[in-house]
Amino acid sequence: EYEGDRNSEGQRHGFGKAQLPNGDTYEGQYERGLRNGHGTYRFKNGALYTGNYLQNKKHGTGVFFYPDGSKYAGDWVQDQRQGYGEYLYANGDTYTGEWANNKRHGKGTYVYKDTGSKYVGCWVNGIQNGPAELIHLNHRFKGRFLSGKPLGRGKFIFDIGCEQHGEYIQPEKEEEKEEEEEEGPPLPLEPVWKASEITEFTAWSPDDEE
């Protein structure tokens with residue numbers, strides 16, 4: 001069902017309201033039969049998008065409210081979260097920063113609601129990767145991350161006025177005893193922090209050469 005403007009060829013063109021066969025509804029701008037310009041699309045499952053369209057696809061800036069209570073406000077390209085945007089997750093965490101292909105990608109800040117901790121740094125395909133700072137209530141860690149875990153040289157900076165330098169080392173896997181049955185794939189070992197020295201505040205960054 002459609003009520004609204006049409007062009008001389010009978011195509012939806014201008015402002016209109018549509019009820020789609022699947023139960024979704026759209027109210028907004030059309031151009032030559034396609035959603036184009038600003039509009040609001042309500043999904044039958046409770047989700048809602050309000051923002052810009054280009055040839056039926058979310059494109060430009062818009063806000064998407066998901067059925068689980070999460071929300072994304074920011075840039076879209078061809079129906080994908082791409083560019084800069086803010087995502088509020090269902091658990092209260094937030095991410096503000098760059099996106100590509102629907103994933104956190106580039107530079108961004110992730111805030112954990114439960115602890116108040118913040119990850120400020122680089123992302124690759126949705127995973128923490130590259131130089132970053134992990135900021136906690138009374139101290140922070142500055143270093144590099146690989147596949148979501150800190151690895152290599154870094155430092156902990158404490159609000160009381162000192163720093164602990166060191167590095168995260170990937171531990172070697174111990175040899176399995178033969179009689180032990182393998183229960184699925186082994187879990188990856190967590191990187192271990194090895195401290196080297198404690199100093200007053202210094203201006204070190206993960207990019208500094210040794």
Side-chain angles (χ1 to χ4, degrees), residues 1-136 145 147-149:
E1 286 178 37
Y2 174 77
E3 57 177 84
D5 303 333
R6 292 182 186 270
N7 61 14
S8 58
E9 292 160 31
Q11 297 171 315
R12 300 175 186 186
H13 193 87
F15 183 82
K17 296 179 184 182
Q19 177 93 35
L20 286 81
N22 63 3
D24 297 352
T25 62
Y26 174 76
E27 182 173 330
Q29 297 294 324
Y30 282 90
E31 194 173 305
R32 299 184 68 81
L34 301 175
R35 294 188 292 277
N36 223 59
H38 196 274
T40 298
Y41 192 106
R42 293 172 192 274
F43 295 81
K44 192 182 169 190
N45 67 5
L48 179 136
Y49 171 80
T50 182
N52 289 302
Y53 277 92
L54 182 67
Q55 297 184 333
N56 269 0
K57 293 189 170 170
K58 298 183 284 289
H59 194 93
T61 55
V63 184
F64 200 111
F65 298 88
Y66 296 89
D68 65 359
S70 57
K71 168 189 159 188
Y72 172 80
D75 298 331
W76 298 82
V77 174
Q78 300 270 320
D79 266 347
Q80 308 264 322
R81 295 189 293 272
Q82 182 136 333
Y84 188 88
E86 180 171 331
Y87 201 113
L88 169 66
Y89 294 87
N91 65 0
D93 292 358
T94 59
Y95 171 80
T96 308
E98 297 173 342
W99 294 79
N101 299 323
N102 270 343
K103 291 181 174 170
R104 302 184 290 266
H105 190 88
K107 288 192 172 165
T109 299
Y110 192 101
V111 180
Y112 299 87
K113 179 178 180 280
D114 284 353
T115 60
S117 295
K118 268 198 292 202
Y119 173 94
V120 183
C122 296
W123 299 78
V124 176
N125 289 328
I127 295 167
Q128 298 167 344
N129 220 74
E133 219 167 338
L134 193 56
I135 302 165
H136 303 290
F145 282 70
S147 302
K149 301 273 169 38

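In this text, all values refer to a predicted model and were calculated from it rather than measured experimentally.
- Using a 4.5 Å heavy-atom cutoff, the side chains of Lys118 and Thr109 are in contact.
- Remark: side-chain polar atoms of Asn129 are paired, donor with acceptor, to backbone N or O of Ser147 under 3.5 angstrom.
- From Tyr2, atom OH reaches atom CG of Leu20 across 12.0 Å, with rounding to the nearest 0.5 Å.
- Counting heavy atoms of neighbouring residues, nucleotides and ligands inside a 6.0 Å radius, atom CZ of Arg6 exceeds 12 of them.
- The structure places CG of Leu48 at 6.5 Å from CZ of Phe65, a figure rounded to the nearest 0.5 Å.
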Exercise. Check step by step if side chain to side chain contact (heavy atoms under 4.5 Å, CB included) holds for Asp75 and Gln82.
Key: CA-CA 6 Å; Asp75 298 331; Gln82 182 136 333; 6.0 Å; no
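- Using cut-offs of 30° and 60° on the angle between ring planes, the pair Trp123 and Tyr110 is tilted.
- Under the rule for a side chain to side chain contact (heavy atoms under 4.5 Å, CB included), the partners of Asp5 that lie at least two apart in sequence or sit in another chain are Phe15.
- The two atoms that bring Gly33 and Gln11 nearest to each other are N-CB, 3.8 Å, heavy atoms only.
- Around atom CD of Gln55, no more than 12 heavy atoms belonging to other residues, nucleotides or ligands sit under 6.0 Å away.
- In this structure, Asp79 CG and Lys58 NZ are separated by 4.0 Å, a value rounded to the nearest 0.5 Å.
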Quiz item: side chain to side chain contact (heavy atoms under 4.5 Å, CB included) between Lys17 and Thr25: does it pass, once the steps are laid out?
Solution: CA-CA 7 Å; Lys17 296 179 184 182; Thr25 62; over 6 Å; no
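- Aromatic ring pairs are classed by plane angle as parallel below 30°, tilted from 30° to 60° and perpendicular above 60°; the pair Phe43 and Tyr41 is tilted.
- Annotation: the span from Tyr95 atom OH to Lys103 atom NZ amounts to 13.0 Å, rounded to 0.5 Å.
- In this structure a side-chain-to-backbone donor-acceptor pair under 3.5 Å is missing from His136 to Ser117.
- The shortest distance between side-chain heavy atoms of Glu98 and His105 does not fall below 4.5 Å.
- Nearest heavy atom pair, residue Phe145 against residue Ala132, reads CD1-CB, 3.8 Å.
- Across all non-hydrogen atoms, the minimal contact from Gly37 to Gln29 is CA-CB, 4.1 Å.
- In plain terms, the two heavy atoms of Cys122 and Gly130 that are nearest each other are CB-CA, 4.2 Å.
- The distance from atom CZ of Arg104 to atom CG of Asn125, rounded to the nearest 0.5 Å, is 11.0 Å.
- To the nearest 0.5 Å, the span separating OG1 on Thr61 from NE2 on His38 amounts to 7.0 Å.
- Looking only at side-chain heavy atoms (C-beta outward), Arg81 and Phe64 stay at 4.5 Å or farther from each other.
- Glu27 contributes no side-chain N or O that, together with a main-chain N or O of Thr40, makes up a donor-acceptor pair within less than 3.5 Å.
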Self-check item: Evaluation steps, side chain to side chain contact (heavy atoms under 4.5 Å, CB included), between Leu54 and Asn36
Solution: CA-CA 5 Å; Leu54 182 67; Asn36 223 59; 3.8 Å; yes
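- Side-chain contact between Val120 and Lys107 is absent, with no heavy-atom pair separated by less than 4.5 Å.
- Between Arg12 and Arg35 the shortest side-chain heavy-atom distance does not fall below 4.5 Å.
- Residues Tyr87 and Ser70 come closest through the heavy atom pair OH-OG, 3.3 Å.
- Heavy-atom minimum distance, Tyr49 versus His59: OH-N, 4.2 Å.
- Aromatic ring orientation, Tyr72 versus Trp99: perpendicular (interplanar angle above 60°, classes split at 30° and 60°).
- Contact check on Asp93 versus Lys113 returns no salt bridge, with no Lys/Arg side-chain nitrogen under 4.0 Å from an Asp/Glu carboxylate oxygen.
- With sequence neighbours excluded, the residues forming a salt bridge (charged side-chain N to carboxylate O under 4.0 Å, His left out) with Glu133 are Arg140, listed by chain and number.
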